[in-house]
Amino acid sequence: MGHALDIEKLNEAFEKQKPAEIIAWAAKEFCPKLAMTSSFGPESGVLLHLVSSVDPQIPVLFLETGYHFPETLEYKKTLVEMLGLQNVVDLRADPKKRQALVDKHAGKPYEQDPDQCCHINKVEPLDAALNHYDAWMTGIRRHQTDARKTIRILELYEGDRTKISPLANWTSRDTWWYLKEHKIPQHPLYEKGYLSIGCWPCTRPIQAGDDERAGRWAGRSKKECGIHLFQEVKRPEDKDKTPAPDISSDI
Ligand code: SF4
């Protein structure tokens with residue numbers, strides 16, 4: 001912890017650099033205290049491929065909520081083998097807390113209290129895991145949603161955690177071409193209209209013209225899973241501190 005980084009200067013430089021260069025910088029700066037998160041969703045192959053090219057030992061943190069599509073778990077296996085990922089870590093909720101929540105809501109906490117369901121299954125395990133690292137990489141992009149429009153490649157969070165989003169200025173077209181160029185298979189549900197994939201109870205396919213994440217918590221006001229809302233971004237211009245955008249679909 002405690003790297004004295006010139007975030008402003010680095011961000012200015014990173015905007016003009018390729019993601020592979022940014023990841024190489026992060027590896028040099030933070031390894032072995034560097035991890036990445038992945039949801040093994042439709043775009044996850046891009047960051048996983050880039051990171052594995054730099055160092056396949058970098059830990060890949062996966063939130064195993066117990067509610068993933070079987071296709072996601074199958075896709076995860078495929079990418080792990082194909083990319084030679086050597087350090088994939090499944091993060092799980094505290095079993096007692098999870099069971100209590102399931103019992104309280106008749107087996108369907110995602111219907112009756114999705115915020116608490118996300119908190120116990122995602123926020124808490126990720127927060128605990130990140131205590132072991134100084135920095136972590138995610139695949140979030142500015143084009144994904146309005147809430148993500150302002151993300152920067154490098155963000156410093158409370159507790160001196162550094163988040164790196166090497167694909168922040170990429171479009172969905174960039175990621176599509178990258179997967180094609182590197183012959184990385186697509187998530188099996190992508191062809192069925194699922195552009196952003198999380199847990200099965202909270203994910204639907206989307207229609208033409210919809211926002212990329214419109215299929216997440218469809219029909220509810222909930223748009224984000226709450227991961228990192230427990231943390232705050234530290235920006236010099238944001239004296240009031242800005243809550244960090246959610247990263248649920250990209251871990
Ligand atoms: S996305 Fe849905 S099922 Fe998954 S943790 Fe959140 S509320 Fe629960």
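Order of listing sets the numbers, starting from 1, for every ligand and every atom in it.
Judged by distance alone, the side chain of N121 and the main-chain N or O of A93 form no donor-acceptor pair under 3.5 Å.
Ionic pairing of E15 and R152 is not present here: no N-O contact between side-chain nitrogen and carboxylate oxygen is shorter than 4.0 angstrom. Ion pairing between E155 and R161 fails under the 4.0 Å rule for side-chain N and carboxylate O.
Heavy atoms from both the backbone and the side chain of C118 come within less than 4.0 Å of ligand 1.
Every atom of ligand 1 is numbered from 1 in the order shown, and the set under 4.0 Å from a heavy atom of C199 is 1 (S), 3 (S), 4 (Fe). Close approach of ligand 1 to K122 is summarised as follows: ligand atoms under 4.0 Å from at least one heavy atom of the residue are 1 (S). Counting the atoms of ligand 1 from 1 in the order shown, those under 4.0 Å from a heavy atom of C202 are 1 (S), 2 (Fe), 3 (S), 7 (S).
Here NE2 of H49 is found 9.0 Å from CD of E181. Values are rounded to the nearest 0.5 Å.
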